[in-house]
Every structure is written in structure tokens, then in C-alpha cells.
Asker: 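This is the structure I want to talk about, given as C-alpha cells.
Remember, predicted model here, so these are calculated numbers, not experimental data. Residue numbers begin at 1 in each chain, while the letters A, B, ... track the order of the sequences.
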Number of protein chains: 2
Amino acid sequence: MADIKAEYLACPIRQVVSRFGDKWSLLVLFLLNRSDTGVLRFNEIRRFMTDCSQKMLSQTLKNLEQSHLVHREVYPEVPPRVEYSLTDTGKSLMPVLTALIDWGKEHFDEVVTD
Amino acid sequence: MADIKAEYLACPIRQVVSRFGDKWSLLVLFLLNRSDTGVLRFNEIRRFMTDCSQKMLSQTLKNLEQSHLVHREVYPEVPPRVEYSLTDTGKSLMPVLTALIDWGKEHFDEVVTD
DNA sequence: TAATTCGGTAACTATTGGGTACCTTTGCGC
DNA sequence: GCGCAAAGGTACCCAATAGTTACCGAATTA
């Protein structure tokens with residue numbers, strides 16, 4: 001059982017999940033992954049996620065950029081254009097995320113009861 | 001792109017992740033999965049998770065029980081004994097969770113920079 | 001002249017996360 | 001008898017976070 005303690009302390013899951021386990025991050029990653037071009041503009045994402053306020057989306061994207069999961073490219077035009085895409089790290093997360101989504105689809109009724 | 005919208009709306013990830021994506025749930029699942037007997041008592045878990053207060057652990061376990069990921073067995077003794085274990089649904093989540101932990105170990109340095 | 005687009009930020013409020021203290025019943029040491 | 005510890009929680013309170021609304025800038029459109 002002492003081994004579990006060591007394993008527990010070394011487990012990265014908390015630090016890692018705290019980077020994208022919030023209310024909106026996973027949905028952004030999902031959308032960027034599904035996009036034809038692999039690129040989405042701020043207001044394109046916003047049109048999909050209509051229940052997410054502008055501020056929360058902005059905050060979410062900033063976090064994902066700081067975690068190096070999403071790349072932010074600014075074009076100095078007027079009106080401004082900002083394009084978001086997955087980084088290589090972000091792309092490497094997608095198979096795991098897809099597996100989680102599949103699990104969710106299969107077990108939704110067992111887990112979400114109310 | 002209209003397809004993405006439909007896919008997005010049907011995506012269960014938010015409801016599902018909200019059930020165990022919080023600060024402590026994944027660690028509890030991790031510990032229950034690693035336990036020799038598959039069963040842990042309240043204060044056994046607490047001794048592993050020393051940075052989680054009694055109240056938060058209690059709340060976390062209650063949520064996991066309501067989501068049918070964890071089974072709670074009460075023995076009417078004095079002092080009381082309460083044993084926690086993974087349900088079948090909870091067990092079915094573990095491979096996905098393990099994949100996530102492995103991803104975290106591999107990409108920790110890229111994602112957690114500060 | 002007024003309205004709209006685009007990607008935000010500032011100021012505020014509502015909701016949640018989390019800590020401390022306390023409860024219950026029983027057995028143990030003295 | 002007297003006080004204390006153990007078990008698994010809950011009540012009360014405060015701080016941190018989630019989220020809403022209003023607003024910004026310059027430029028095109030109506």
C-alpha cells in the first residue's frame with residue numbers, strides 16, 4: 001500500500017486535468033479538432049458555443065494557449081482577425097479525448113441520472 | 001459545418017466530465033482502482049489524500065455515488081464502518097482514465113509550464 | 001448619421017469551493 | 001464515573017471563481 005502512496009503523489013492527473021477539465025475547454029478542443037481547416041476564428045467558435053459568454057470564451061482560449069494546447073495567430077487587420085488552431089500537443093490529446101467522448105456516449109444514462 | 005453544430009450539440013462530454021472532472025474525483029477513482037482489495041474505507045482514502053479536507057472528500061464521494069461510479073456500503077457498527085468501491089460503470093471508465101494519465105505523464109512538461 | 005463587425009476588457013454579482021468546528025455512539029485507560 | 005479517542009459526517013462561514021452586462025477601437029455597410 002506504500003507503493004500506492006508514491007504512485008498517487010506522482011500522478012499528474014490533477015495538474016493536467018486542471019488545464020482542460022473546466023466547463024468550456026473540452027468543447028473548444030472538440031470544435032477545433034472537427035473543423036475542416038483545423039482553424040477557427042473567435043466568433044466562429046462563439047457561434048457554435050452560444051451558451052458561453054464572450055468573456056468566458058476569451059478566458060478559456062487564453063488558458064488553452066498558456067497550456068500550449070491551442071495556438072493563437074493574430075492578423076493585424078481592421079477589423080482584427082484572430083485564428084485559433086490545435087498545437088501538436090493539443091492534437092496528441094485528441095485520441096484520448098475521443099475515447100472519453102465515446103465512453104460518455106455509451107455510459108451517459110448510467111452516469112447522468114438527474 | 002452544419003454537421004459540426006449537430007455533433008457539438010450531441011456531444012456528451014460536458015455532462016459526463018462534470019461528474020468527475022473536479023479537483024478530487026479522479027484521484028479517488030485512481031486510488032480505488034489501485035487498491036488491492038478494490039475496497040477502501042473513508043479514512044483510508046483520507047490518509048492518502050492528505051491535502052483534501054474531510055468535508056471535500058465526503059462531498060466528492062457523495063457525487064461519485066450519485067453518478068453511479070462508486071458504490072457505498074455502510075456497516076451498522078460502532079464506530080461506523082463505510083466501504084467504498086468502484087461500480088461496474090466506474091471500472092469501465094478506468095482504461096480511459098489510465099490513457100489520460102499516461103498522456104499526462106508524457107506531455108506534462110509541455111502543458112504545465114508555470 | 002447610425003448601425004454593425006471583430007476581438008476583446010473592466011466592473012460587477014452569483015455561485016461554488018473549501019476550512020474549521022462540531023456532532024454521534026461506543027470502548028478504553030484510570 | 002471522567003475524560004478522551006475513533007469513526008464518518010454535517011453546519012456555518014468566507015474566499016475564490018464563474019458568469020453577466022456594458023463598453024472599447026477603427027472601419028465598412030446602409
Side-chain angles (χ1 to χ4, degrees), chain A residues 1 13-29 31-32 35 37 39-67 70-86 112 114, chain B residues 1 13-29 31-32 35 37 39-67 69-85 112 114:
Chain A
M1 288 289 272
I13 199 144
R14 196 160 119 189
Q15 291 90 324
V16 168
V17 167
S18 70
R19 301 293 164 142
F20 53 77
D22 67 326
K23 193 168 179 182
W24 305 109
S25 293
L26 287 169
L27 294 172
V28 170
L29 295 174
L31 285 173
L32 286 174
S35 159
T37 57
V39 168
L40 286 176
R41 298 181 63 176
F42 186 87
N43 277 338
E44 278 183 304
I45 300 176
R46 213 162 125 57
R47 273 190 286 274
F48 285 117
M49 300 171 61
T50 48
D51 48 352
C52 177
S53 76
Q54 204 164 6
K55 181 204 150 188
M56 290 314 296
L57 180 54
S58 176
Q59 208 172 90
T60 300
L61 287 166
K62 199 186 291 177
N63 286 340
L64 289 172
E65 192 196 359
Q66 276 175 6
S67 302
V70 161
H71 173 70
R72 182 174 186 266
E73 186 80 40
V74 185
Y75 298 87
E77 307 170 354
V78 171
R81 181 158 60 102
V82 182
E83 292 187 341
Y84 293 92
S85 56
L86 293 175
V112 183
D114 46 342
Chain B
M1 288 289 272
I13 199 145
R14 195 160 121 190
Q15 291 90 324
V16 168
V17 167
S18 70
R19 300 295 164 140
F20 53 76
D22 67 326
K23 194 168 177 181
W24 305 110
S25 293
L26 286 168
L27 294 172
V28 170
L29 295 175
L31 285 173
L32 286 174
S35 159
T37 57
V39 168
L40 287 176
R41 298 181 62 175
F42 186 86
N43 278 336
E44 278 183 304
I45 301 175
R46 213 161 126 56
R47 274 188 285 275
F48 285 117
M49 301 172 60
T50 47
D51 47 353
C52 177
S53 74
Q54 200 165 12
K55 179 204 149 186
M56 289 314 297
L57 180 56
S58 176
Q59 207 170 90
T60 300
L61 287 165
K62 199 187 290 177
N63 285 341
L64 289 173
E65 191 195 1
Q66 275 175 5
S67 300
L69 292 168
V70 161
H71 174 70
R72 181 174 187 267
E73 185 80 40
V74 184
Y75 297 88
E77 309 170 352
V78 172
R81 181 158 60 104
V82 182
E83 292 187 341
Y84 294 94
S85 56
V112 183
D114 46 341

Asker: Please answer whether the main-chain N or O of B/Cys52 pairs with a side-chain N or O of B/Arg46 as donor and acceptor at a distance below 3.5 Å.
Answerer: yes
Asker: Starting at CG of B/Asp51 and ending at P of C/dG17, how long is that distance when rounded to a whole Å?
Answerer: 17 Å
Asker: Measuring from the side chain of B/Arg41 (C-beta onward, heavy atoms only), which nucleotide among D/dG8, D/dG19, C/dC6 has the closest atom?
Answerer: D/dG8
Asker: Select from A/Val78 and A/Asp22 the residue whose nearest nucleotide in DNA chain D is closer to the 5' end of that strand.
Answerer: A/Asp22
Asker: For the atom pair CG (B/Asp22) and CG (B/Leu64), what is the distance rounded to the nearest 0.5 Å?
Answerer: 7.5 Å
Asker: Nearest 0.5 Å please: distance from the CZ atom of A/Arg14 over to the OG atom of B/Ser25.
Answerer: 12.0 Å
Asker: Quick test: give all pairs of protein nitrogen or oxygen and nucleotides 1-3 of chain D nitrogen or oxygen below 3.5 Å, distance rounded to 0.1 Å.
Answerer:
none

Asker: Over how many whole Å does the gap from A/Phe42 atom CZ to D/dG25 atom C1' extend?
Answerer: 16 Å
Asker: How long is the gap from CD on B/Gln15 to OG on B/Ser67, to the nearest 0.5 Å?
Answerer: 12.0 Å
Asker: Heavy-atom distance under 4.5 Å between the side chains of A/Leu29 and A/Val70, does that happen here?
Answerer: yes
Asker: If I take atom CZ from residue B/Arg47 and atom CG from residue B/Asn43, how far apart are they, to the nearest 0.5 angstrom?
Answerer: 6.0 Å
Asker: Check side chain to side chain contact (heavy atoms under 4.5 Å, CB included) between A/Arg41 and all other residues, then give those that pass, not counting sequence neighbours.
Answerer: A/Glu44, A/Arg81, A/Glu83
Asker: Please enumerate all protein N or O atoms sitting under 3.5 Å from an N or O of nucleotides 10-17 of chain D, with distances to 0.1 Å.
Answerer:
from	atom 1	to	atom 2	distance (Å)
D/dT10	OP2	B/Lys62	NZ	3.4

Asker: Using 0.5 Å steps for rounding, measure from the OG atom of B/Ser53 to the CH2 atom of B/Trp24.
Answerer: 7.5 Å
Asker: Output the single nucleotide from D/dA26, D/dG19, D/dA7 whose closest atom is nearest the side chain of A/Met56.
Answerer: D/dG19
Asker: Does B/Lys23 place a side-chain N or O at less than 4.0 Å from the phosphate oxygens OP1/OP2 of C/dG18?
Answerer: yes
Asker: Kindly say if B/Trp24 contacts the phosphate of C/dG18, meaning a side-chain N or O under 4.0 Å from OP1 or OP2.
Answerer: yes
Asker: Could you grab the distance from atom CD1 of B/Ile45 to atom CG of B/Leu32, nearest 0.5 Å is fine?
Answerer: 5.0 Å
Asker: To the nearest angstrom, how far is A/Glu77 atom CD from C/dT5 atom P?
Answerer: 18 Å
Asker: Rounding to an integer number of Å, can you tell me how far B/Glu73 CD sits from D/dG8 C1'?
Answerer: 15 Å
Asker: Tell me what B/Tyr84 touches on the nucleic acid: a base, only sugar-phosphate, or nothing, going by heavy atoms under 4.0 Å.
Answerer: sugar-phosphate
Asker: Quickly work out the A/Arg81 CZ to C/dT5 C1' distance and round it to whole Å.
Answerer: 14 Å
Asker: The side chain of B/Gln59 is closest to which nucleotide in this list: C/dG7, D/dA7, C/dG17?
Answerer: C/dG17
Asker: Nearest whole Å is fine: how far is D/dG8 P from B/Glu65 CD?
Answerer: 14 Å
Asker: Which residue, A/Pro80 or A/Ser53, contacts DNA chain D at a nucleotide closer to its 5' end, judged by nearest heavy atom?
Answerer: A/Ser53
Asker: To the nearest Å, give me how far apart CE (A/Met49) and P (D/dT20) are.
Answerer: 12 Å
Asker: Could you tell me how far apart B/Glu83 (CD) and D/dA7 (C1') are, to the nearest whole angstrom?
Answerer: 13 Å
Asker: Mark yes or no for whether B/Ser58, through its side chain, and B/Gln54, through its backbone, hold a donor-acceptor pair below 3.5 Å.
Answerer: no
